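A short write-up of the structure that comes next.
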Protein chains: 2
Amino acid sequence: MDTKDIPANVLDPNCPSRVVFQRIGDKWASLVIQVLGGGPVRFSELRKMVSVVTPKVLTQTLRTLERDGLITRTIHAQVPPRVDYELTALGESLLQPLTMLREWAENHVPSILEARDAYDDAQDEAVLGR
Amino acid sequence: MDTKDIPANVLDPNCPSRVVFQRIGDKWASLVIQVLGGGPVRFSELRKMVSVVTPKVLTQTLRTLERDGLITRTIHAQVPPRVDYELTALGESLLQPLTMLREWAENHVPSILEARDAYDDAQDEAVLGR
DNA sequence: CAGTATCCGTCTTGATACTG
DNA sequence: CAGTATCAAGACGGATACTG
């Protein structure tokens with residue numbers, strides 16, 4: 001990237017990269033998107049699959065994704081209620097870049113973890129007055 | 001993604017996807033990586049290029065990337081001091097998936113912004129008692 | 001079942017000022 | 001030049017309890 005290519009609007013919250021990178025970085029959003037890549041899933045199923053997340057936070061995540069047009073929320077008129085979440089075409093189109101990133105992660109995160117250990121060890125030694 | 005494919009360790013901070021997605025979502029990290037894709041850059045240059053970030057936050061970002069083994073920091077013994085930051089091979093390998101994601105963003109963020117407007121309008125109408 | 005309502009600690013980000 | 005120190009503010013994620 002050349003100097004002149006850096007958008008003057010990096011601070012613009014609507015800068016394309018910022019919008020997407022933020023969503024990717026969201027603690028649960030990417031996981032939900034990848035889960036929904038397998039087809040529609042109802043709320044309670046999502047909860048089971050991502051059992052560490054509380055209903056409040058899961059709902060927040062889903063609402064944000066819905067607002068961004070990445071998933072749809074369909075309420076089935078039943079008793080008990082049933083709500084299905086499903087990727088939109090837009091959401092599905094995100095699956096590929098997301099998968100590429102996940103593959104990069106699986107291939108290279110071991111190196112990152114090693115680098116962290118090495119860095120931390122060097123820091124420790126420095127602190128010990130060496 | 002099938003149910004059984006969901007790693008039981010989503011809460012593991014060392015889960016590959018989590019590590020990378022978090023770094024991508026960092027407010028300045030991805031931008032710095034892409035800037036450094038053009039070759040080594042010294043601290044003051046980075047500051048000018050990303051002029052909205054304070055030195056403290058820029059330093060934080062750089063330290064994190066260095067710890068992760070994505071960039072190197074080289075101090076030149078000069079007066080005045082000069083410090084260059086540069087991508088490692090690991091950092092460079094991240095450039096491609098990052099670019100793919102940025103391209104997806106540039107192509108699809110307009111749709112996301114439209115979706116947000118539509119969603120917000122619908123919400124407003126609902127609030128107005130319609 | 002599918003959420004919502006409250007409350008709260010932590011982590012992140014930034015403003016401002018200072019230093020080797 | 002290349003940072004560090006300190007302080008403050010807000011966003012974020014989560015625990016817990018309750019509801020149509």
Side-chain angles (χ1 to χ4, degrees), chain A residues 10-13 15 18-19 21-32 35-36 40-68 71-86 123 126-127, chain B residues 10-13 15 17-19 21-32 35-36 40-68 71-86 119 123 126-127:
Chain A
V10 276
L11 70 169
D12 177 0
C15 164
R18 189 163 292 269
V19 168
F21 292 175
Q22 208 168 37
R23 194 64 55 244
I24 299 291
D26 181 279
K27 195 159 181 184
W28 305 109
S30 296
L31 181 59
V32 167
V35 168
L36 294 186
V41 182
R42 61 189 296 184
F43 190 81
S44 56
E45 283 300 313
L46 276 171
R47 281 207 64 186
K48 279 177 216 157
M49 293 161 91
V50 195
S51 56
V52 287
V53 70
T54 62
K56 192 198 78 168
V57 173
L58 181 56
T59 300
Q60 268 178 191
T61 303
L62 292 166
R63 287 288 187 284
T64 302
L65 293 174
E66 189 194 359
R67 186 171 100 104
D68 284 356
I71 66 174
T72 56
R73 173 174 179 265
T74 55
I75 305 167
H76 299 279
Q78 301 180 0
V79 181
R82 173 199 180 95
V83 178
D84 278 345
Y85 292 91
E86 187 173 10
Q123 289 304 105
V127 168
Chain B
V10 275
L11 70 169
D12 177 359
C15 163
S17 295
R18 188 162 293 268
V19 169
F21 291 175
Q22 208 168 40
R23 195 63 56 245
I24 299 290
D26 180 281
K27 196 159 182 184
W28 305 109
S30 296
L31 181 60
V32 167
V35 168
L36 294 186
V41 182
R42 63 189 295 184
F43 190 81
S44 57
E45 282 300 312
L46 275 171
R47 282 207 64 186
K48 279 177 217 158
M49 294 161 90
V50 195
S51 57
V52 287
V53 70
T54 61
K56 192 199 76 170
V57 173
L58 182 56
T59 300
Q60 269 179 194
T61 303
L62 292 166
R63 288 289 187 282
T64 303
L65 293 175
E66 189 193 359
R67 187 172 98 105
D68 283 356
I71 67 174
T72 56
R73 172 172 180 267
T74 54
I75 305 167
H76 300 277
Q78 301 180 359
V79 181
R82 172 201 180 95
V83 177
D84 278 344
Y85 291 91
E86 186 172 11
Y119 185 94
Q123 289 304 105
V127 169

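Scope of the values below: all heavy atoms of this structure, side chains included, with no hydrogens, waters or symmetry mates. Numbered from 1 within each chain, the chains take letters A, B, ... in sequence-line order. Please read these numbers as outputs of a predicted model, since none were measured by experiment.
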Can you see which heavy atom on H76(B) is nearest to which on D84(B), and at what distance?
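That closest heavy-atom pairing would be NE2-OD2, 3.1 Å.
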N or O in side chain of [X] less than 4.0 angstrom from [N] OP1/OP2:
{"X": "R73(B)", "N": "dG3(D)", "answer": "yes"}
{"X": "T54(A)", "N": "dA15(D)", "answer": "no"}
{"X": "T59(A)", "N": "dG3(C)", "answer": "no"}
{"X": "R63(A)", "N": "dG3(C)", "answer": "yes"}

For dG14(D), give the paired nucleotide (Watson-Crick: N1-N3 plus N6-O4 or O6-N4; G-U: N1-O2 and O6-N3; both under 3.5 Å), or none.
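Pairing partner, where one exists within any strand: dC7(C).
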So [Y] and [X], do their side chains get closer than 4.5 Å, heavy atoms only?
{"X": "W28(A)", "Y": "L62(A)", "answer": "no"}
{"X": "L31(A)", "Y": "M49(A)", "answer": "no"}
{"X": "R18(B)", "Y": "K27(A)", "answer": "yes"}
{"X": "R63(A)", "Y": "T59(A)", "answer": "yes"}

[N] [atom2] sits how many Å from [X] [atom1], rounded?
{"X": "E45(B)", "N": "dG3(D)", "atom1": "CD", "atom2": "C1'", "result": "16 Å"}
{"X": "Q22(B)", "N": "dA11(D)", "atom1": "CD", "atom2": "C1'", "result": "15 Å"}
{"X": "Q60(A)", "N": "dG3(C)", "atom1": "CD", "atom2": "P", "result": "13 Å"}
{"X": "F43(B)", "N": "dG20(C)", "atom1": "CZ", "atom2": "P", "result": "17 Å"}
{"X": "L31(A)", "N": "dG13(D)", "atom1": "CG", "atom2": "P", "result": "13 Å"}
{"X": "E66(A)", "N": "dG3(C)", "atom1": "CD", "atom2": "C1'", "result": "13 Å"}
{"X": "R47(B)", "N": "dA15(C)", "atom1": "CZ", "atom2": "P", "result": "11 Å"}
{"X": "R42(B)", "N": "dC1(D)", "atom1": "CZ", "atom2": "C1'", "result": "7 Å"}

Give the nucleotide from the list dC1(C), dA15(C), dC1(D) with an atom nearest to the side chain of P80(B).
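Within the option list, the nearest is dC1(D).
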With the side chain of P55(B) defined as its heavy atoms from C-beta on, choose the nearest nucleotide among dG14(D), dT4(D), dG20(D).
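Per side-chain heavy atoms of P55(B), the pick is dT4(D).
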Name the residue closer to the 5' end of DNA chain D, choosing between G25(A) and P81(A) according to the nucleotide with the nearest heavy atom.
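Result of the comparison: G25(A).
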Give a yes or no on whether a donor-acceptor pair under 3.5 Å exists between the nucleobase atoms of dG3(D), that is its base, and the side chain of K56(B).
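Between dG3(D) and K56(B), which were checked side chain against base, a qualifying N/O pair under 3.5 Å is absent.
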V83(A) near the nucleic acid: base, sugar-phosphate alone, or nothing, with a heavy-atom cut-off under 4.0 Å?
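Contact class for V83(A): sugar-phosphate only.
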